[in-house]
Amino acid sequence: MAESMHCYRHPKRETRVSCATCGRPICTECMVATDVGIKCPEDARLPRGARAGVMKTDQVLRSILAGVGVALAGIPIAFVLFLLPFTWLLSAAAGYGAGVLINRAGGRNGGPLAIVIAVLATAVPFLVLLAPDLLAGLLNPRPLIAMVFAVIAAGVANRQN
Ligand SMILES: [Zn+2]
Ligand SMILES: [Zn+2]
């Protein structure tokens, strides 16, 4: 027979199941099925609070991929925004949308890393469009303000809950 483990909450009960997070053995009564495996009641309770802001490697990768997608898709979007009235308002909305996309790609964890990815991804399209002006030494405030609004909105979308 395989090694016998005993539930950490019920020392007399044998079990072959252990928590995916802390590795402590748990009996079938105590175990909680989560989307990332079987967990003890304590760790199963954590996801919302304690895990927020801590992205797993695959979530980080997906966030970065989403960020690259946002940066590329954002170039034509920003171009159109510059032609429209209320550029700053539309940019803020677009930035928020981009931030939400990146947030979802990262498993809705949010946190500092998600904010950095979202801010960079949102700033890229604006910087690409502003580059000729910036290189020529022209500082046109309107697109700069729009970029600031978009970047802030993208960051806000990724704040931790
Ligand atoms: Zn556990
Ligand atoms: Zn138990």
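Heavy atoms only: backbone and side chains are in, while hydrogens, waters and symmetry mates are out. Positions are given from 1, in the same order as the sequence printed here. Counting starts at 1 for both ligands and their atoms, following the listed order.
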message: What do you get for the angle at the Zn ion (ligand 1) between SG on C19 and SG on C22, to the nearest 10 degrees?
response: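 Vertex at the Zn ion (ligand 1): approximately 100°.
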query: Which atom, counting only N, O or S, brings H10 closest to the Zn ion (ligand 2)?
result: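 Per the distance ranking, H10 contributes ND1 as its closest N/O/S atom to the Zn ion (ligand 2).
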query: Would a distance-only check, ignoring hydrogens and angles, find a side-chain to backbone donor-acceptor pair under 3.5 Å from N103 to N158?
result: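 Judged by distance alone, no pair lies under 3.5 Å.
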task: For T21 and K39, test the side chains for any donor-to-acceptor distance below 3.5 angstrom and give the result as yes or no.
output: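 The criterion, which ignores hydrogens and geometry beyond distance, is satisfied for K39 and T21.
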- prompt: Without hydrogens or angle criteria, can the side chains of R24 and S18 be said to hold a donor-acceptor pair below 3.5 Å?
  reply: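 Their side chains do not contain a donor-acceptor pair, so the 3.5 Å distance test is not met.
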message: I need the SG(C7)-the Zn ion (ligand 2)-SG(C27) angle, rounded to 10 degrees.
response: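 Taking the Zn ion (ligand 2) as the apex, I get 110° for this pair.
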query: With a cut-off of 2.8 Å, does D43 place any N/O/S atom under that distance from the Zn ion (ligand 1)?
result: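 A backbone or side-chain N, O or S atom of D43 is under 2.8 Å from the Zn ion (ligand 1).
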- prompt: After noting the C-alpha distance and the side-chain angles of V32 and I38, does the key distance pass the side-chain contact (heavy atoms from CB on, under 4.5 Å) rule?
  reply: CA-CA 6 Å; V32 181; I38 288 165; over 6 Å; no
